[in-house]
Amino acid sequence: MTTQGTLSRIRQAVLCTGLISLGLGSRAVQAADPLAPTNGLQSPFVEVARRVQPAVVSISVSKAQGQEISWTHMRRSPAAVRYGSGVIIDTGGHTLTNNHVVDEAIRIRVSLSDGTEYPAEIIGQDPDTDLALIRLISQTPIDTSRVARIGNSDAIQVGDWVMAVGSPFGFHHTVSVGVISAKGRHLGKIEGDVPLPSYQNFLQTDASINPGNSGGPLIDMAGRVVGINTAYNPAGSGIGFAIPIRLAAKVASELRQHGEVVRGYLGIQPQDLTPDIAEALGVASFQGVLVGQVQPDSPAEQGGVKRGDIILKLAGRPIADAGSFLTLVADHRPQQRMELSVLRDGTPLTLTAVAGRRSSTNHPSTQPAFVASDVGWPGLEVKDRWDMESRRLRVPKTGQGVVVTYVAPGGPAEQKEIARGDVIFEIDRVAIRNVRDYHNIVDKAQNRSRPLLFLLRKKDGGHTWFVALRPMLKR
């Protein structure tokens, strides 16, 4: 009896503590919070849902017949119609959604929570963030009760409650609840044919997100939008991703004013400075980004940036990783001067570049998917460019470098995502002209402790990038 009584008291204490933390156990808290329910046993999410649902819309998009539909977050239909969600952000009917929801649309219909329908037009699209701004075509202003409140995605914390609202699988105005699972997520791919956004800083949530939720809002417990739901991982439940509202609101403002987002452009392919790469370069700090490639005639080249440089700061701001670096570059206006703090072969330098204007053709590419089976370290076989096997891989027979023709599964090269058809240009800053050069360097390095720095390019002619491979010490 004593044990049962103790357990009962513990349960009551936990329940009361939970209710108080949610604003349910204190009259003072209820009075201060207009969303707090009046019934002490009622879910705190009820009032949040009532507040936000009028601002959430269901979107149906008609696409030209004969075009393939293969969107990750849309329901497929023989009638070439796909579905998504959106959130109204002003009385003019401007509505935020995902770019992949409305891209290539020939007709857009928007349905409100009360069933009212409006046609809509595209104001602007931004594939780099997968955001779009559309406008409801209405003769009268949208009622203020249907305008979403914008929150602060920077302030939200891992573990905070959130609510996703949208139209998964066509079930309009569906509510799901979870928490913020992580912040600052970067995705290597999105299921289906949805292009991977260049600028990523996703909020991860375990609130259920499914096809059709795309473009709908992620809401905090004050009823404010903190994100735009964009992607989910079908391999596991409770892994969804939303674009932070700070980024989304900035993009929406640019689209509303200019119909596009104007971003700065530098013209390099940055990559994170991993511990292995830092050791291979002989630098002690992991701060900054490594320049994997410099585009010809780009602002970076004109400013003196070279492949292999480590960029430590941009405009006086320290660089944490490649994602944050690209964001800082994009925040510059075209023709604005950028001061770069660079480390080149251990020597600090200060360079100045003038920002260009980023376009769909000059932005850094996303590394493609890699494939790779046993050979000695580093787990590679290579051939000269003119070798028949290299030609079967459709690598041009002329030019510098050797061609990767085999990758041992589980080996160092495969773990660093090197693939058949890749071309190795340099090892430890020494140019590789043929197979003999390759083996001379690799054989001599097998018993050293420091990683070797490989410079490679994908067989499809993409950007160059550095990989550090650590030799396997002989016993």
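In this chain, residues are counted from 1 in sequence order.
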Considering the options L312, I310, V342, L343, which one meets the side chain to side chain contact (heavy atoms under 4.5 Å, CB included) requirement together with P348?
-> L343
Looking only at atom types and distance, does a side-chain atom of Q336 sit under 3.5 Å from a main-chain N or O of A355, one as donor and one as acceptor?
-> no
Candidate pair I88 and V110, rule side-chain contact (heavy atoms from CB on, under 4.5 Å), full reasoning = CA-CA 11 Å; I88 300 171; V110 172; over 6 Å; no
Taking all atoms of both residues into account, what is the closest heavy-atom pair of L314 and L340, and its distance?
-> CD1-CD2, 3.1 Å
Would you sort out whether L326 and Y199 count as a side-chain contact (heavy atoms from CB on, under 4.5 Å), showing the intermediate values?
-> CA-CA 8 Å; L326 290 174; Y199 298 99; 4.0 Å; yes
With a 3.5 Å cut-off and no angle check, do the side chains of S113 and R146 form a donor-acceptor pair?
-> yes
Would you tell me whether R317 and S341 have side-chain atoms, one donor and one acceptor, within less than 3.5 Å of each other?
-> no
Any P299 side-chain heavy atom under 4.5 Å of V354 side chain | no
Sequence neighbours left out, what pairs pass salt bridge (Lys or Arg N to Asp or Glu O under 4.0 Å) with at least one residue falling in residues 199-219?
-> none
Does K183 NZ have over 12 foreign heavy atoms under 6.0 Å away?
-> yes
Would you say L266 and V329 make side-chain contact, with heavy atoms under 4.5 Å?
-> yes
Output all residues satisfying side-chain contact (heavy atoms from CB on, under 4.5 Å) with D321, sequence neighbours left out; order by chain, then residue number.
-> D272, S324
Any chance you could lay out the side-chain contact (heavy atoms from CB on, under 4.5 Å) test for E121 and I134, step after step, and finish with the verdict?
-> CA-CA 5 Å; E121 61 180 351; I134 64 175; over 6 Å; no
With sequence neighbours left out, what residues match E301 under side-chain hydrogen bond (donor to acceptor under 3.5 Å, both in side chains)?
-> none
Side-chain heavy atoms of Y83 within contact of S167, under 4.5 Å = no
Is the backbone N or O of V294 less than 3.5 Å from a side-chain atom of S298, with the two atoms forming a donor-acceptor pair by type?
-> no
With no hydrogens and no angle check, is any side-chain donor or acceptor of K458 less than 3.5 Å from a backbone partner on G421?
-> no
Under 3.5 Å, is there a donor-acceptor pair between the Q125 and D103 side chains?
-> yes
So, S145 and D143: side-chain donor and acceptor under 3.5 Å apart, yes or no?
-> yes
Rounded to the nearest 0.5 Å, what separation is found between the CG atom of D220 and the CD1 atom of I245?
-> 11.0 Å
Residue R246 excluded, over 12 heavy atoms near CZ under 6.0 Å = no
dist F425:CZ -> R457:CZ (nearest 0.5 Å) comes out at 4.5 Å
Does R82 use its side chain to pair, donor to acceptor, with the backbone of V101 at less than 3.5 Å?
-> yes
Scan side-chain atoms only and decide if Q257 and S253 contain a donor-acceptor pair under the 3.5 Å cut-off.
-> yes
Between the side chain of T95 and the main-chain N/O of G93, is any donor-acceptor distance below 3.5 Å?
-> yes
Nearest 0.5 Å, what's the CD1-CG distance between I228 and L96?
-> 5.0 Å
Which of these, V177, L203, V48, I156, sits in a side chain to side chain contact (heavy atoms under 4.5 Å, CB included) with V162?
-> I156
Flag for Q293-R307: side-chain donor and acceptor within less than 3.5 Å = no
Contact list for residues 250-261, test salt bridge (Lys or Arg N to Asp or Glu O under 4.0 Å), sequence neighbours left out = D90-R256, K250-D331, E254-R333, E260-R357
Minimum side-chain heavy-atom gap L351-V305 below 4.5 Å | yes
Charged N to carboxylate O below 4.0 Å: is that the case for D126 and R263?
-> yes
When N98, T97, D130 are each screened for side-chain hydrogen bond (donor to acceptor under 3.5 Å, both in side chains) with T230, the one that passes is N98
Side chain to side chain, M221 and F45, heavy atoms closer than 4.5 Å | yes
What pair of heavy atoms forms the shortest contact from A49 to V175, and how long is it?
-> CB-CG2, 4.3 Å
Any donor-acceptor N/O pair, Q200 side chain to P197 backbone, under 3.5 Å | yes
Of all heavy-atom pairs between S181 and V158, which one has the smallest distance, and what is that distance?
-> O-CG1, 3.6 Å
Say you draw a straight line from CD of Q204 to CG of L187; how long is it, rounded to the nearest 0.5 Å?
-> 9.0 Å
Residues forming a side-chain contact (heavy atoms from CB on, under 4.5 Å) with V56, sequence neighbours excluded = V165, H173, P217
Looking only at heavy atoms, which two atoms of V291 and F466 are closest? And how far apart?
-> O-CE1, 3.2 Å
Non-hydrogen side-chain atoms of L456 and I418 separated by less than 4.5 Å = yes
Could you pull out all residues at least two apart from S176 that satisfy side-chain hydrogen bond (donor to acceptor under 3.5 Å, both in side chains)?
-> none
Can you find a heavy atom in the side chain of F325 that is under 4.5 Å from one in the side chain of I319?
-> yes
Over all heavy atoms of both residues, which pair between A207 and G178 is shortest? Give the atoms and the distance, please.
-> CB-N, 3.6 Å
Do you see a donor-acceptor pair shorter than 3.5 Å between the side chains of H172 and S111?
-> no
From CD1 (I239) to CG (N233), nearest 0.5 Å | 5.0 Å
Are T205 and V179 side-chain neighbours, meaning at least one heavy-atom pair lies under 4.5 Å?
-> no
Taking all non-hydrogen atoms of both residues, which atom of I209 and which atom of G240 are closest, and how far apart?
-> CD1-CA, 4.1 Å
For L290 and T274, run side-chain contact (heavy atoms from CB on, under 4.5 Å): C-alpha distance rounded to whole Å, both residues' side-chain angles, the deciding distance at 0.1 Å, then the answer.
-> CA-CA 9 Å; L290 178 64; T274 65; over 6 Å; no
Please check if any side-chain donor atom of S85 sits under 3.5 Å from a side-chain acceptor atom of N213, or the reverse.
-> no
Between Q271 and W465, is there a donor-acceptor pair closer than 3.5 Å when you use the side chain of the first and the backbone of the second?
-> no
Look up atom CZ in R224 and atom CZ in R51, then write down how far apart they are to the nearest 0.5 Å.
-> 10.5 Å
Any donor-acceptor pair under 3.5 Å from R149 side chain to A222 backbone = yes
